2 protein chains.
Amino acid sequence: MFQVPTKTQYAIRALVHLVHAKSASVASIAEAEHIPSKYLEAILGKLKNAGLLISERGRNGGYRLAKDPTLIPMSEVVQATEGEIRLVECVDNAAVCILGEGCLPRHFWLGLKSAVDLYLESVTLAEIAGPETSST
Amino acid sequence: MFQVPTKTQYAIRALVHLVHAKSASVASIAEAEHIPSKYLEAILGKLKNAGLLISERGRNGGYRLAKDPTLIPMSEVVQATEGEIRLVECVDNAAVCILGEGCLPRHFWLGLKSAVDLYLESVTLAEIAGPETSST
DNA sequence: TATAATTCCTACTAAATAAGTCTGAATATA
DNA sequence: TATATTCAGACTTATTTAGTAGGAATTATA
Ligand code: FES
Ligand code: FES
């Protein structure tokens, strides 16, 4: 349960890399982080669409962060790669629930979701990336 | 991300049923809860092996809770059906981690795991099952 | 003792999801 | 023009989850 997909782990590693690198191409990140480059390409695409990254095409192109890492909560990162967290179908979709609104399991799942959400919102990319090792 | 497996949802429904029913056969639970009975059979087997249920074979046999539902934290239930929560491989397995002990992503994942664990430990089966609707 | 109701055990199949690859177009720079 | 890059979509493969099938072992009871 709760296996965090490789995709998300890759995304985080790549973002951390970009915090330190300012700008980098897919290929260079893939090599540095040991991530299959074609796969990374797709992942960075998603991060871009989610507004976390800005890209530059063509020669000397690459990706860079769209905003300061202190302004990027991890919830956004996870959201970008996985989409909405949907623990259990009947939770989002009250109609599906057998027991209706008062359903206790429902409250249980909602509580779990909220525990996870709160945590993810409380941590920023900057904290995960650690002190900026500016190239001195 | 974080899809809770059907298996676990079934397990919870079955346990809630047993809180109210005291004792029941796989077939009767399966019917009442609309769960494929052969599948349920396997799930209850796991719950039994985990020490949550007690079984009686043969005619008039069935399953019942091994202990009072107020003494069963949901963490045990989840653990029983899914095994250890292992969010990310490198977290349990420090050797796998590229960055070693100080790895910040590692702390992030550990924090998430702990948020989830704390929540699961804080809720008991009794709370999910609600007031005992003893057959009056 | 025979029968029916049950748990238990093992192996298998099917469906869904995640991981990764391939091809090639579009774009920018030198 | 040649080269380095992002971008887009279809495709393949691997892994996990869900579900089925068949039958052995056990027990109550008729
Ligand atoms: S059965 Fe899932 S919310 Fe009620
Ligand atoms: S713990 Fe995962 S890379 Fe460090």
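This one's a predicted model, so the numbers in the text were calculated from it and none came from an experiment. Every chain is numbered from 1, with letters handed out A, B, ... down the list of sequences.
Going from atom CD of B:Gln3 over to atom P of C:dA15 covers 19 Å, rounded to whole Å. Rounded to whole Å, atom C1' of D:dA18 lies 9 Å from atom CD1 of B:Ile43. Look at CZ on B:Arg13: it is 13 Å from P on D:dA18, rounded to the nearest Å. The nearest whole Å value for the distance from the CD atom in A:Glu82 to the C1' atom in C:dA19 is 13 Å. Rounded to an integer number of Å, the gap from B:Tyr39 OH to D:dT20 C1' is 12 Å. For the pair B:Gln9 CD and D:dT17 P, the interatomic distance rounds to 13 Å; values are reported in whole Å. Put simply, CG on A:Leu47 is 13 Å from P on D:dT6, counting in whole angstrom units. Atom CD1 of B:Ile35 and atom P of D:dG19 are 10 Å apart (whole Å).
With sequence neighbours left out, the side-chain hydrogen bond (donor to acceptor under 3.5 Å, both in side chains) criterion links B:Ser75 to no other residue.
At a threshold of 4.5 Å between non-hydrogen side-chain atoms, the residues A:Tyr39 and A:Lys7 count as touching.
Here the side chain of A:Glu127 pairs a donor or acceptor atom with the backbone of A:Thr124 at under 3.5 angstrom. Checking side-chain atoms of A:Glu76 against main-chain N and O of A:Leu52 turns up no donor-acceptor pair under 3.5 Å. One N or O on the side chain of A:Tyr119 and one on the backbone of B:Phe108 form a donor-acceptor pair closer than 3.5 Å.
The phosphate of D:dA18 has neither OP1 nor OP2 within less than 4.0 Å of any side-chain N or O from B:Tyr10.
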Using a cutoff of under 3.5 Å, can you pull out all pairs of nitrogen or oxygen atoms linking the protein to nucleotides 5-9 of chain C, with atom names and distances?
residue	atom	partner	partner atom	Å
C:dT7	OP1	B:Val26	N	2.8
C:dT7	O3'	B:Ser55	OG	3.4
C:dC8	OP1	B:Lys48	NZ	2.6
C:dC8	OP1	B:Ser55	OG	2.5
C:dC8	OP2	B:Tyr63	OH	2.4
C:dC8	N4	B:Glu41	OE2	2.1

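Other residues, nucleotides and ligands place no more than 12 heavy atoms under 6.0 Å from the CD atom of B:Glu31.
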